[in-house]
Amino acid sequence: MPVKKKDTDRALVLLEEYCKKLRKPEEQQLKKAIRKVMGIFKSSLFQALLDIQEFYEVTLLNSQKSYEQKLEEANQVAEKWEKTTSPATGQENLQKTLEAADSNGSEGSGQCGEHNKEKQTFENYAVEMKTKVGSTIS
């Protein structure tokens with residue numbers, strides 16, 4: 001079953017509600033791990049991947065749409081992402097998300113901090129995926 005933006009929004013709400021219930025000291029590692037997942041869901045990369053999946057399913061697989069309609073919609077999707085995020089801007093937004101996670105700690109209602117190694121791994125993954133996505137659309 002395909003994942004839709006509204007599904008991820010609902011998942012974020014459910015995860016946040018679950019995290020609020022985790023108050024015991026021994027539950028803080030689980031809370032921190034869940035907050036990392038939430039950070040990924042909120043990232044512009046993840047949102048771009050959802051847009052691509054939705055575009056593929058709604059536009060490209062639609063046999064009712066003509067070649068010209070598909071071309072026009074493909075250009076619209078590309079334009080949207082070119083305007084909202086360049087590779088540099090996407091990296092900056094990701095860095096801000098990760099820095100916010102570091103500064104909020106595991107006890108607050110914001111995102112929990114991440115270890116440098118995990119942060120670097122995710123950053124590398126995000127840059128690699130953004131490059132792949134960009135080269136696929138171009």
Side-chain angles (χ1 to χ4, degrees):
M1 182 164 101
V3 177
K4 304 288 182 202
K5 283 185 181 183
K6 66 180 180 175
D7 297 332
T8 59
D9 291 340
R10 177 72 180 136
L12 285 168
V13 169
L14 292 172
L15 289 172
E16 185 62 40
E17 289 172 4
Y18 188 85
C19 276
K20 287 178 183 176
K21 296 175 185 175
L22 301 175
R23 295 192 177 122
K24 297 176 185 172
E26 63 270 18
E27 296 172 329
Q28 294 313 299
Q29 284 186 312
L30 175 58
K31 185 175 185 175
K32 185 176 182 177
I34 292 170
R35 296 261 184 222
K36 281 192 234 180
V37 170
M38 292 171 63
I40 292 168
F41 279 2
K42 292 176 182 179
S43 75
S44 59
L45 171 65
F46 189 77
Q47 294 304 314
L49 292 172
L50 285 175
D51 280 353
I52 290 167
Q53 179 182 352
E54 188 174 311
F55 163 72
Y56 177 75
E57 292 170 356
V58 172
T59 301
L60 298 180
L61 294 182
N62 187 342
S63 60
Q64 302 293 322
K65 292 190 180 198
S66 68
Y67 171 82
E68 289 77 18
Q69 288 172 309
K70 291 177 182 182
L71 176 62
E72 177 63 29
E73 290 181 31
N75 285 328
Q76 288 172 357
V77 169
E79 242 178 76
K80 173 189 172 190
W81 280 100
E82 285 173 345
K83 287 179 184 174
T84 59
T85 188
S86 67
T89 305
Q91 181 64 21
E92 290 167 12
N93 290 342
L94 175 62
Q95 186 62 37
K96 286 177 186 174
T97 299
L98 295 173
E99 287 169 1
D102 280 341
S103 66
N104 286 332
S106 62
E107 306 268 337
S109 63
Q111 287 182 296
C112 298
E114 297 180 4
H115 299 292
N116 287 337
K117 184 176 179 183
E118 294 163 339
K119 195 161 81 170
Q120 188 61 43
T121 302
F122 182 70
E123 287 176 10
N124 291 344
Y125 171 77
V127 170
E128 182 180 316
M129 289 305 295
K130 195 160 261 312
T131 302
K132 285 181 183 177
V133 168
S135 65
T136 303
I137 293 176
S138 297

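The model shown is predicted, which means the values in this text are computed figures rather than measured ones.
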Participant: Which value, rounded to the nearest 0.5 Å, describes the distance between Arg23 atom CZ and Lys20 atom NZ?
Facilitator: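 These two atoms lie 9.5 Å from each other.
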
Participant: Using every non-hydrogen atom in the two residues, find where Phe41 and Leu15 come nearest and quote the distance to one decimal.
Facilitator: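 Taking Phe41 first and Leu15 second, the nearest heavy atoms are CE2-CD1, 4.2 Å.
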
Participant: My understanding is that only residues two or more places apart in sequence, or in another chain, count here; which of them pass side-chain contact (heavy atoms from CB on, under 4.5 Å) with Glu27?
Facilitator: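 Only Leu22, Lys24 meet the side-chain contact (heavy atoms from CB on, under 4.5 Å) criterion with Glu27.
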
Participant: In the structure I gave you, are the side-chain heavy atoms of Tyr56 and Val77 within less than 4.5 Å of one another anywhere?
Facilitator: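 No, their side chains stay 4.5 Å or more apart.
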
Participant: Between Arg35 and Glu16, is a salt bridge (Lys or Arg N to Asp or Glu O under 4.0 Å) present by the stated rule, with each step listed?
Facilitator: CA-CA 8 Å; Arg35 296 261 184 222; Glu16 185 62 40; 2.5 Å; yes

Participant: For Asp51 and Lys80, what are the C-alpha separation, side-chain angles and deciding distance, and is it a side chain to side chain contact (heavy atoms under 4.5 Å, CB included)?
Facilitator: CA-CA 10 Å; Asp51 280 353; Lys80 173 189 172 190; 2.8 Å; yes

Participant: Search all heavy atoms of Ser44 against all heavy atoms of Trp81 and return the closest pair with its distance.
Facilitator: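 Taking every non-hydrogen atom into account, O-CH2, 3.7 Å.
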
Participant: With the 4.5 Å side-chain cut-off for hydrophobic clustering, are Val13 and Tyr18 part of the same group?
Facilitator: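 Result: no, two separate clusters.
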
Participant: Closer than 4.0 angstrom, basic N to acidic O: yes or no for Lys83 and Glu79?
Facilitator: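 Answer for the salt bridge query: yes.
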
Participant: I'd like to check the side-chain contact (heavy atoms from CB on, under 4.5 Å) partners of Gln76; sequence neighbours left out, ordered by chain and number.
Facilitator: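 Result, side-chain contact (heavy atoms from CB on, under 4.5 Å) vs Gln76: Glu72, Glu73.
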
Participant: Do you know the tightest heavy-atom contact between Lys31 and Cys19?
Facilitator: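 So the minimum-distance heavy-atom pair works out to CE-O, 3.6 Å.
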
Participant: Hey, could you give me the OG1/CD1 distance between Thr8 and Ile40, rounded to the nearest 0.5 Å?
Facilitator: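 Reported to 0.5 Å precision, the distance equals 13.0 Å.
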
Participant: How long is the gap from CG on Asp9 to CG on Leu50, to the nearest 0.5 Å?
Facilitator: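 The CG atom of Asp9 sits 9.0 Å away from the CG atom of Leu50.
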
Participant: Closest heavy-atom contact between Thr59 and Lys70?
Facilitator: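 Scanning both residues, the minimum pair turns out to be O-CE, 3.4 Å.
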
Participant: Side-chain heavy atoms nearer than 4.5 Å, only ILVMFWY residues, links allowed to pass through others: does that put Leu30 and Leu12 together?
Facilitator: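 Yes, Leu30 connects to Leu12 through the hydrophobic network.
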
